[in-house]
Protein chains: 2
Amino acid sequence: MALRHAVLAALLDEELSGYQLAKVFDLGMANFWHALPQQLYAELTRLEKDGLVTGREVVQDTRPNKRLFTVTDAGLVELERFTEAVTKPSAIRDDLLVKVRAADHVGAEALIGQLTERAGFAQAKIDLFEKLLHTMRGGRTEEEFLRYGDRVGPYLTCLRGLAFEQGNRDWCVRAASALRERAACRSRG
Amino acid sequence: MALRHAVLAALLDEELSGYQLAKVFDLGMANFWHALPQQLYAELTRLEKDGLVTGREVVQDTRPNKRLFTVTDAGLVELERFTEAVTKPSAIRDDLLVKVRAADHVGAEALIGQLTERAGFAQAKIDLFEKLLHTMRGGRTEEEFLRYGDRVGPYLTCLRGLAFEQGNRDWCVRAASALRERAACRSRG
DNA sequence: GATGCATAGTCATGAATATGACTAGTCAGT
DNA sequence: ACTGACTAGTCATATTCATGACTATGCATC
């Protein structure tokens with residue numbers, strides 16, 4: 001059981017349809033969880049069957065009808081249980097790390113290219129997360145918001161996402177420059 | 001295709017048996033890739049069948065015999081191809097983030113407990129990675145090593161692992177203290 | 001008036017990952 | 001003499017995740 005609780009957590013803040021969920025899910029989880037629409041639809045069906053969420057049909061004239069889902073009390077209990085349960089630390093998986101691991105045995109140019117590309121990607125995420133955080137805390141400072149704001153959950157996860165992408169960017173830049181310098185030394189000597 | 005290249009990269013530095021690989025794999029990938037022994041054995045079999053690694057039997061008298069695997073030239077070519085291919089950015093998955101995302105709807109005590117536990121775990125990893133890095137660079141400074149050392153690949157991935165765990169620790173501590181402060185405010189007012 | 005995109009969702013299938021159990025011998029301790 | 005841990009590896013199965021294709025309707029745009 002894994003995606004279940006991520007979906008439950010995503011539905012806490014707002015009533016969503018499967019389609020809407022599919023659009024906001026990845027980003028709402030600050031990129032710490034990813035799922036395809038099909039998985040989300042399937043999970044919503046299961047969750048409803050188990051009584052952890054309820055769906056209500058919303059008839060629309062101009063668009064296809066949709067079903068909006070809300071977390072039930074049983075769903076909240078399940079989330080509480082999940083929160084108390086121990087979970088093993090994050091399973092991360094990144095192709096780029098595998099590539100860098102092999103850095104001494106493959107061409108440096110390709111690797112530097114990938115690192116640079118990823119750094120750019122990370123920077124875009126950073127900008128996005130910073131904007132999101134700014135919006136969430138409104139006029140307040142971070143300290144104020146964390147103390148007195150409501151719904152700090154999404155804010156905190158977003159903070160982790162931001163730090164992660166900063167880590168990504170900084171490391172990519174550093175690794176790329178290290179590889180460039182080595183290449184320069186090699187060609188000189 | 002994913003685990004394939006991680007296994008190839010792990011075998012670049014040293015000849016390993018499936019059993020040895022299973023022991024060093026997770027840490028060697030700086031926790032950026034995780035695999036169970038069964039997966040690794042199966043992957044080694046496939047890699048050998050595809051001619052990307054070769055195994056040689058080593059007869060042991062006191063222990064069961066083992067097969068040591070090395071990356072072939074074809075394996076190197078495949079790694080090169082993989083390095084040049086584009087890959088989508090990391091898919092991360094962390095239960096703890098899901099839990100924090102639901103922070104405003106579940107009990108704070110359980111969450112603070114989990115965050116504190118994770119911070120401790122992260123610190124242990126930090127210590128480990130720092131020791132590893134120190135060993136790898138020998139007497140040299142990081143700058144020196146990155147410029148003139150051989151095999152900087154594992155060093156660079158380890159650097160990323162270190163930064164990641166530092167990010168984890170810092171965030172866990174910060175989130176836990178934020179939740180504690182909120183709980184205190186609530187009980188007072 | 002045909003093309004393409006957005007909403008809202010389903011189905012089938014394959015690949016990757018995780019689980020638990022199981023063989024079989026060696027060695028250290030009690 | 002028995003227990004448990006370590007080496008070295010296999011088998012079967014379940015769950016999860018990813019892929020591509022497919023149905024509809026409405027709206028804008030060229």
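Chain letters run A, B, ... following the sequence lines, proteins first, then strands; residues in each count from 1.
For B:K23, the side-chain atoms get nearest to D:dT7 when compared with the rest of D:dG9, C:dT7, D:dT7. Comparing C:dA8, D:dA8, D:dA18 by their nearest atom to the side chain of B:Y19 picks out D:dA8. You'll find that the side chain of A:P64 is closest to D:dA24, out of C:dA21, D:dA24, C:dT26. Taking only side-chain atoms of B:L3, from C-beta outward, the nucleotide of C:dA6, D:dT19, C:dT17 with the closest atom is C:dT17. Of the candidate nucleotides C:dT17, D:dA18, D:dG9, D:dA18 has the atom lying nearest to any side-chain atom of A:L36. Listed candidates were C:dT10, D:dA8, C:dT17. Nearest to the side chain of A:Q38 is C:dT10. When the nucleotides D:dG9, C:dA8, C:dT17 are ranked by their closest atom to the side chain of B:K66, D:dG9 comes out on top. When each of C:dA8, D:dT10, D:dC27 is scored by its nearest atom to the side-chain atoms of A:Y41, the top-ranked nucleotide is C:dA8.
The two residues A:A119 and A:R169 come nearest to each other via the heavy atoms O-CG, 4.0 Å.
Atoms CG (B:L40) and P (D:dC11) sit 16 Å apart, rounded to a whole Å. Here D:dA8 presents its C1' atom at 13 Å from CG of B:L21, a figure rounded to the nearest Å. Across the protein-nucleic acid pair, A:E43 atom CD and C:dC11 atom C1' stand 17 Å apart, rounded to whole Å. As a whole-Å value, the separation of B:D26 CG from C:dA18 C1' is 13 Å. In this structure, the CZ atom of B:F25 is 11 Å from the P atom of C:dA18, given to the nearest Å. One can place CD of A:Q60 at 12 Å from C1' of D:dT25, the figure rounded to the nearest angstrom. We find that CG of A:L16 is positioned 15 Å from C1' of C:dT7, with the value rounded to whole Å. Rounded to an integer number of Å, the gap from CZ of A:R4 to P of D:dC17 is 12 Å.
Comparing A:H34 and B:L68 by the nucleotide of DNA chain D that holds the closest heavy atom to each, the one mapping nearer the 5' end is B:L68. Two residues, A:R46 and B:R67, neighbour DNA chain D, and the one matched to the more 5' nucleotide by heavy-atom proximity is B:R67.
Atoms CD and CZ, from A:E57 and A:R67 in turn, are 6.0 Å apart once rounded to the nearest 0.5 Å. A distance of 10.0 Å separates OG in B:S17 from NZ in B:K23, rounded to the nearest 0.5 Å.
With a 6.0 Å cutoff to the six-membered ring centre and a 45° limit on the axis angle, B:K66 does not count as a cation-pi contact of B:Y19.
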Practice problem: Could you give me the CA-CA distance, side-chain angles and deciding distance for A:F69 and A:L47, then say whether side-chain contact (heavy atoms from CB on, under 4.5 Å) is met? | Solution: CA-CA 10 Å; A:F69 292 94; A:L47 282 167; over 6 Å; no
Exercise. Would you please test B:L97 and B:W171 for side-chain contact (heavy atoms from CB on, under 4.5 Å) and show each step?
Key: CA-CA 11 Å; B:L97 270 288; B:W171 176 79; 4.1 Å; yes
Quiz prompt | Evaluation steps, side-chain contact (heavy atoms from CB on, under 4.5 Å), between B:R4 and B:L52 | solution = CA-CA 10 Å; B:R4 314 209 81 189; B:L52 304 184; 4.0 Å; yes
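For DNA chain C, runs of at least 3 consecutive pairs of the Watson-Crick or G-U wobble type, with both hydrogen-bonding distances under 3.5 angstrom, map to C:1-30 with D:1-30.
Taking 4.0 angstrom as the limit, B:T62 places a side-chain polar atom (N or O) nearer than this to OP1 or OP2 of C:dC27.
Between B:D94 and B:R118 a salt bridge is recorded (basic side-chain N to carboxylate O distance below 4.0 Å).
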